[in-house]
Amino acid sequence: LQFFEGYKGLVLGVNVEDQVLIEQVQHHVISLNTKALQRNDDIISNYKSVVAPLNKNGSAYLAELNFEKITNYPLEVREGVFSVEDQCEIVPNNNTAAYALAVGIRSGAQKIWLVGFDGYNNDDPRQREINKTFQLIRSNFPHLKLVALTPTTYDVDRGSIYAPNL
């Protein structure tokens with residue numbers, strides 16, 4: 001938690017379950033994929049502010065949870081594309097991490113620190129899916145720095161949570 005002390009950037013959370021960490025997150029990103037819709041309502045209902053694509057199935061589910069704030073960033077999934085458009089986020093897969101990265105870029109991020117993005121084995125399709133997303137981001141947003149501050153198997157730059165600006 002020391003990491004958050006004095007931190008002035010935007011903190012987006014994906015699949016955060018720890019109550020102490022939930023409090024540190026400014027906006028929880030939910031893409032309304034199958035995994036998100038199977039989440040524990042007791043955990044999700046603790047989220048204060050949510051970013052979600054209300055154009056997707058499951059938006060009625062979010063309304064039932066009565067969040068303090070829901071921000072709508074529409075989502076379109078298009079293989080091989082990662083783009084932040086005026087009307088929606090276009091991501092290459094239905095992975096919440098891809099959507100959260102698009103939301104971060106839309107918010108004007110010049111640097112995105114990844115914490116808790118452990119990754120998968122190299123033969124896992126989810127590993128390849130996220131690495132392809134990172135490749136598209138690097139191609140389309142070359143100014144953006146993606147840095148993992150905790151151990152990861154993903155193809156991104158690595159830093160340290162103890163010295164994130166190095």
Side-chain angles (χ1 to χ4, degrees), residues 1-18 20-33 35-36 39 43-44 46-56 58-59 62-63 65 67-78 80-119 129-150 152 154-161 163-166:
L1 288 178
Q2 279 184 316
F3 176 75
F4 293 105
E5 290 178 17
Y7 181 68
K8 302 208 184 324
L10 176 65
V11 179
L12 300 175
V14 175
N15 300 328
V16 178
E17 294 185 359
D18 182 276
V20 174
L21 291 177
I22 286 173
E23 298 299 321
Q24 304 301 318
V25 174
Q26 293 159 320
H27 305 287
H28 294 270
V29 180
I30 300 174
S31 68
L32 297 175
N33 60 19
K35 183 177 179 182
R39 306 269 311 154
I43 293 168
I44 288 183
N46 288 321
Y47 295 175
K48 290 181 177 67
S49 176
V50 169
V51 175
L54 299 182
N55 63 315
K56 301 290 278 181
S59 58
L62 289 180
L65 292 175
F67 297 112
E68 288 178 19
K69 179 180 180 185
I70 298 179
T71 302
N72 176 30
Y73 287 142
L75 170 65
E76 180 181 328
V77 176
R78 197 180 312 159
V81 178
F82 187 100
S83 181
V84 176
E85 304 289 325
D86 289 338
Q87 300 299 313
C88 70
E89 321 297 6
I90 303 172
V91 296
N93 52 60
N94 200 19
N95 188 297
T96 303
Y99 179 61
L101 291 164
V103 169
I105 293 168
R106 173 177 295 284
S107 299
Q110 298 297 307
K111 183 186 302 183
I112 295 179
W113 290 334
L114 305 168
V115 177
F117 272 62
D118 307 349
E129 185 176 81
I130 293 297
N131 277 331
K132 285 181 187 175
T133 299
F134 287 138
Q135 288 171 352
L136 289 168
I137 291 171
R138 283 191 292 272
S139 293
N140 297 337
F141 302 92
H143 68 281
L144 183 71
K145 287 193 57 94
L146 287 168
V147 181
L149 297 182
T150 55
T152 187
Y154 291 126
D155 184 21
V156 294
D157 291 339
R158 287 162 179 77
S160 168
I161 200 162
N165 290 315
L166 292 181

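- By the side-chain hydrogen bond (donor to acceptor under 3.5 Å, both in side chains) test, Asn131 is found to be paired with no residue, residues two or more places apart in sequence or in another chain being considered.
- With sequence neighbours left out, Phe117 forms a ring-ring contact (aromatic ring centres under 6.0 Å, His included) with no residue at all.
- Shown here for Val91 and Ala102, the closest heavy-atom pair between the two residues is CG1-CB, 4.2 Å.
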Next item on the list: With side chain to side chain contact (heavy atoms under 4.5 Å, CB included) as the test, would you mind laying out the steps for Thr71 and Val103 before giving the verdict?
Entry: CA-CA 11 Å; Thr71 302; Val103 169; over 6 Å; no
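- Here the closest non-hydrogen pair linking Phe82 and Leu101 is CZ-C, 4.1 Å.
- With sequence neighbours excluded, no residue forms a salt bridge (Lys or Arg N to Asp or Glu O under 4.0 Å) with Asp118.
- Contact between Leu136 and Gly80 at its shortest, heavy atoms only, is CD2-O, 3.5 Å.
- Taken to the nearest 0.5 Å, the OH atom of Tyr99 stands 6.0 Å off from the CG atom of Leu75.
- Partners of Tyr73 by ring-ring contact (aromatic ring centres under 6.0 Å, His included), not counting sequence neighbours: none found.
- Every residue meeting the side-chain hydrogen bond (donor to acceptor under 3.5 Å, both in side chains) condition with Asp155, not counting sequence neighbours, appears here in chain and number order: Arg138.
- Annotation: side chain to side chain contact (heavy atoms under 4.5 Å, CB included) contacts of Asn72 (sequence neighbours excluded): Leu54, Pro74.
- Across all their heavy atoms, Thr152 and Arg158 have their closest contact at O-NH2, 3.1 Å.
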Under 3.5 Å, side-chain donor or acceptor atoms of residues 141-150 against the rest of the protein: list the pairs with distances, not counting sequence neighbours.
residue : atom : partner : partner atom : Å
Thr150  : OG1  : Gly116  : N            : 2.9

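- Here Thr133 pairs with Asn93 under the side-chain hydrogen bond (donor to acceptor under 3.5 Å, both in side chains) rule; sequence neighbours left out.
- Not counting sequence neighbours, the partners of Arg78 by the side chain to side chain contact (heavy atoms under 4.5 Å, CB included) test are Glu76, Val81, Ile90.
- Partners of Ser83 according to the side-chain hydrogen bond (donor to acceptor under 3.5 Å, both in side chains) rule, which considers only residues two or more places apart in sequence or in another chain, are Glu85.
- Evaluation of the side chain to side chain contact (heavy atoms under 4.5 Å, CB included) rule for Ala100 yields Val14, Val29 as partners, not counting sequence neighbours.
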Notebook entry, point to check: Are Ile112 and Leu12 close enough, and set up right, to give a side chain to side chain contact (heavy atoms under 4.5 Å, CB included), and what steps lead you there?
Noted result: CA-CA 10 Å; Ile112 295 179; Leu12 300 175; over 6 Å; no
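- Applying the salt bridge (Lys or Arg N to Asp or Glu O under 4.0 Å) test to Arg106 and every residue at least two apart in sequence or in another chain returns Glu89.
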